[in-house]
Amino acid sequence: MFILASIALHAFSFYLFQIIYPPTVALLPPPGRVAMISAQSQDGQVLLRWLEAEDPALASITQRPPDAKGIALPPVQHVPSYLTAQPPLKQLFKLEADSQPLSAHPPGPIVFRRTQPGAPLGAVPTTFNFSGEFEPRGAAAIPEMQFTASRAEPPEAAEFQIAVDSAGAIRYCFLHLTSGDAALDKQARNYIVRCRLNPAKGNIPGTPDALIWGRVTVMWGTDAAPPPTAKTGSAGR
């Protein structure tokens with residue numbers, strides 16, 4: 001009996017306190033609106049005044065108050081320079097009439113003298129400059145040189161690293177700075193190896209050689225023969 005009464009009471013409670021959900025309605029987004037700031041309305045005037053007061057460009061400069069008066073300059077009277085200093089006047093040249101009659105032989109045309117061309121410059125020889133390490137050995141004996149270039153462009157100065165023994169012979173020769181022409185570098189190295197310097201003082205024959213390292217700079221002249229021109233045309237069969 002009690003169980004039936006409890007079930008009936010629960011059923012009445014669920015009916016009395018039931019939750020009613022409202023129906024689902026899809027709301028559309030509000031349409032876009034554009035607000036125009038106008039000085040005609042009071043809200044617009046307040047907003048424009050606020051923007052003008054918060055302008056960083058106006059806040060960083062010094063502004064004079066609107067009721068301030070401008071700086072009045074004192075009256076200055078213009079004084080011309082010619083009133084204080086009298087400029088010196090130049091004297092006019094005197095006009096003198098030439099009473100002599102005209103010459104029957106007027107001056108002839110100007111003769112231009114042409115200078116004679118100078119003598120052509122001779123060929124500038126190629127020089128080998130040894131560094132200061134070899135000054136105690138004196139001047140080097142350089143063989144007769146004859147160079148032939150492989151290109152038409154003028155070569156640059158070449159530099160070689162050399163080693164000289166106590167007898168004055170060049171044992172090692174390495175290219176340090178190229179002249180831009182491989183053929184001239186090879187020919188210059190062959191001439192440097194054949195150069196001889198004076199023997200070292202106190203040199204004892206048969207003792208181990210003490211090598212002196214230094215550099216030789218080759219300053220190219222105009223005595224290098226131009227490169228041979230390539231023959232054009234095919235040979236006849």
Side-chain angles (χ1 to χ4, degrees), residues 1-96 110 112 124 129 131-132 149-161 174-185 215 217-222 224 226-227 229-230 232:
M1 186 67 182
F2 290 102
I3 294 175
L4 295 177
S6 176
I7 293 173
L9 182 60
H10 280 80
F12 178 74
S13 299
F14 283 129
Y15 176 77
L16 182 62
F17 299 103
Q18 63 179 346
I19 299 174
I20 300 174
Y21 294 97
T24 304
V25 178
L27 299 178
L28 297 177
R33 294 182 300 175
V34 178
M36 303 296 294
I37 302 175
S38 176
Q40 303 299 332
S41 61
Q42 185 177 1
D43 295 340
Q45 294 178 1
V46 173
L47 182 58
L48 291 176
R49 291 174 184 173
W50 180 81
L51 292 176
E52 184 178 0
E54 298 296 331
D55 189 3
L58 298 178
S60 60
I61 62 176
T62 304
Q63 296 183 355
R64 295 175 58 83
D67 55 346
K69 297 182 179 180
I71 301 176
L73 297 177
V76 179
Q77 184 179 2
H78 173 67
V79 180
S81 60
Y82 57 82
L83 294 179
T84 58
Q86 188 69 21
L89 301 178
K90 294 184 178 180
Q91 298 293 334
L92 297 177
F93 59 90
K94 297 182 180 180
L95 296 177
E96 296 181 357
I110 300 176
F112 294 94
V124 179
N129 300 328
S131 59
S150 63
R151 62 176 191 171
E153 291 78 6
E156 300 180 359
E159 191 171 343
F160 293 85
Q161 187 83 18
F174 305 101
L175 178 63
H176 183 66
L177 293 177
T178 179
S179 63
D181 193 334
L184 289 179
D185 294 341
R215 294 186 179 182
T217 304
V218 182
M219 305 299 297
W220 300 102
T222 58
T229 58
T232 58

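In this text, all values refer to a predicted model and were calculated from it rather than measured experimentally. Numbering starts at 1 and runs along the sequence shown.
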Sorted by chain and residue number, the salt bridge (Lys or Arg N to Asp or Glu O under 4.0 Å) partners of E159 (sequence neighbours excluded) come out as R215

CD1 of I3: more than 12 outside heavy atoms within 6.0 angstrom?
-> no

Under the side-chain contact (heavy atoms from CB on, under 4.5 Å) test, which residues partner S41, sequence neighbours left out?
-> none

Residue set satisfying side-chain contact (heavy atoms from CB on, under 4.5 Å) with A158, at least two apart, ordered chain then number -> F160, S179, D185, V218, W220

Rounding to 0.5 Å, atoms CG (L4) and CG (L9) come to a distance of 12.5 Å

Under the side-chain contact (heavy atoms from CB on, under 4.5 Å) test, residues paired with R49 that sit two or more places apart | Q45

Show me, pair by pair, the donor-acceptor contacts under 3.5 angstrom made by side chains of residues 31-39, not counting sequence neighbours?
from	atom 1	to	atom 2	distance (Å)
S38	OG	Q40	N	3.2

Counting only heavy atoms not in E153, do more than 12 fall under 6.0 Å of its CD?
-> yes

Pair D181, S150: side-chain N/O donor-acceptor within cut-off below 3.5 Å = yes

List in chain and number order the residues that pass side-chain contact (heavy atoms from CB on, under 4.5 Å) with A182, two or more places apart in sequence or in another chain; answer none if no residue qualifies.
-> none

Separation between NE2 of H176 and OG1 of T217, rounded to the nearest 0.5 Å = 9.0 Å

